[in-house]
Each structure stands twice: as C-alpha cells, then as structure tokens.
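Here is the structure we will look at.
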Amino acid sequence: DQQVKQNSPSLSVQEGRISILNCDYTNSMFDYFLWYKKYPAEGPTFLISISSIKDKNEDGRFTVFLNKSAKHLSLHIVPSQPGDSAVYFCAASRNDYKLSFGAGTTVTVRA
Amino acid sequence: NAGVMQNPRHLVRRRGQEARLRCSPMKGHSHVYWYRQLPEEGLKFMVYLQKENIIDESGMPKERFSAEFPKEGPSILRIQQVVRGDSAAYFCASSLGGSGVGDGQYFGPGTRLTVT
C-alpha cells in the first residue's frame, strides 16, 4: 500500500541544468509534504517542505511545487551542482510525526 | 554537536536469533521514531516513543518486534527470532518536541540488518 510514489528511480543531469524530481501520492488526507536528501552511509536530511495551503515553496536553489488536485508534487533544483548527487526522498504526513516515504530517486549530476 | 547515533551500523544475524538496535537521540531531544526501509521501498514508520512511553506503535509488526526508550540510555528496537524478511535498513529519528511535523525529525545513519 504505497501511498507515496516516486516513479523515476534515477535521474542524470548535467551540471548547471535543472533537475526535476516528481512524486505522486494517493492519500487525500496528507496535508504536509517534504523532500529529504540522502548520501550513502548517512541518514536522510531534511531539504524543503510545503503545506497543503500553498502551491509553491522556494529555498535558494530548491523549489517545491504542489498540485493538490493531481496529488502530485515536484522538486526543482536550479542550477544542479555535483554536490547534489544523492538519493532524494519525497515524504508526506497528515501534519504529524508519521511520515510516509517514497522509494527515492537517485540523482547524478554530471560535470 | 553530535547528531543521532545508531549502532551497530551493520548487524548480521542467523534466522532465529535476536537483533538489538540502538539509537541515541540528539542532545536535548526526548522524542524518538523508528522507521524501516525494505529493499526498493521507502522508509516506513514503525513506532514513536518518548522517555519511558510508547506513544504510537501502529507501524510495528504485531509479533517479535518491540521498542523501548528508558529513562536513561538509548532507545532499543528489539527483534526476536529474526527471519529473512526482517533484512532491511532501520533508521531512527529524534525530535525536540512532539508537535510533530516531519521537518523537525533528525535521522541517524541507520542500521543495516542482514539475516542469513
């Protein structure tokens, strides 16, 4: 019962270009969404979040877009840098502690 | 400024043995969460604990799994009589308060359990 899905297991992008990561969810009760970044041998670290009352949130090079009617969110990274190479997890919650994660997208930024 | 600590980082157990996974939260944090990541899947919530209390164990398998967070010492996730399907990465997170939204959770590096 995967309630959060990241359908692209991997993404390769050239340095300086835009990375777009996608995420779909099925539970209409989710009202808070997050993106986490994970390097090998480390735990996930929080990157950016968005509440369901907004459709966009920006933090430096990272922007998250939320389309509630489509139950879809995306993360844009502009410009992509080599240090952005990592696994990115989309997560959702009902504005509480219980996070539901997608399976992750591995981003590789090519020089 | 130590983050969330988990040990061991890798644990190998034979079927039927017990596995004990430890988690020390960030300094000052009194709320601990355990998540499990099976191969090719996302992290799944297992249990939420405060000191000496289990707040929500709705994600824990009904048998063989237990968790505690004693007054002193780390939080322990215990798996009795392990089976091959228990092979996974187990992540612990901690937070300062229990108000709950996920960006307040700080994750440890995980324990990779392999059952042979």
Original post:
What part of Lys38(A) lies closer than 4.5 angstrom to a heavy atom of chain B: side chain, backbone, both or neither?
Top reply: side chain
Considering non-hydrogen atoms only, spot the tightest contact between [X] and [Y] and give its length.
| X | Y | answer |
| --- | --- | --- |
| Tyr97(A) | Asp56(B) | OH-OD2, 2.7 Å |
| Ala103(A) | Glu40(B) | CB-O, 3.6 Å |
| Ala41(A) | Pro109(B) | O-CB, 3.8 Å |
| Pro44(A) | Gly108(B) | CD-O, 4.4 Å |

**OP:** Indicate the ring-plane relationship of Tyr35(B) and Phe101(A), choosing parallel, tilted or perpendicular according to the 30° and 60° boundaries.
**Re:** perpendicular
Original post:
Should the ring pair Phe107(B) and Tyr36(A) be called parallel, tilted or perpendicular, given that the plane angle runs from 0 to 90° and is split at 30 and 60?
Top reply: perpendicular
Original post:
Given side chains that start at C-beta, do those of Leu43(B) and Phe89(A) come closer than 4.5 Å, heavy atoms only?
Top reply: yes
Original post:
Can you tell me if Lys44(B) and Ser100(A) form a side-chain donor-acceptor pair at under 3.5 Å?
Top reply: no
Original post:
Does Gln81(B) CD have over 12 foreign heavy atoms under 6.0 Å away?
Top reply: no
Original post:
For Arg112(B), is it the side chain, the backbone, both or neither that has a heavy atom under 4.5 Å from a heavy atom of chain A?
Top reply: neither
Subject >> Contact winner vs chain B - Gly104(A), Gly43(A), Ala91(A), heavy-atom pairs under 4.5 Å >> reply: Gly43(A)
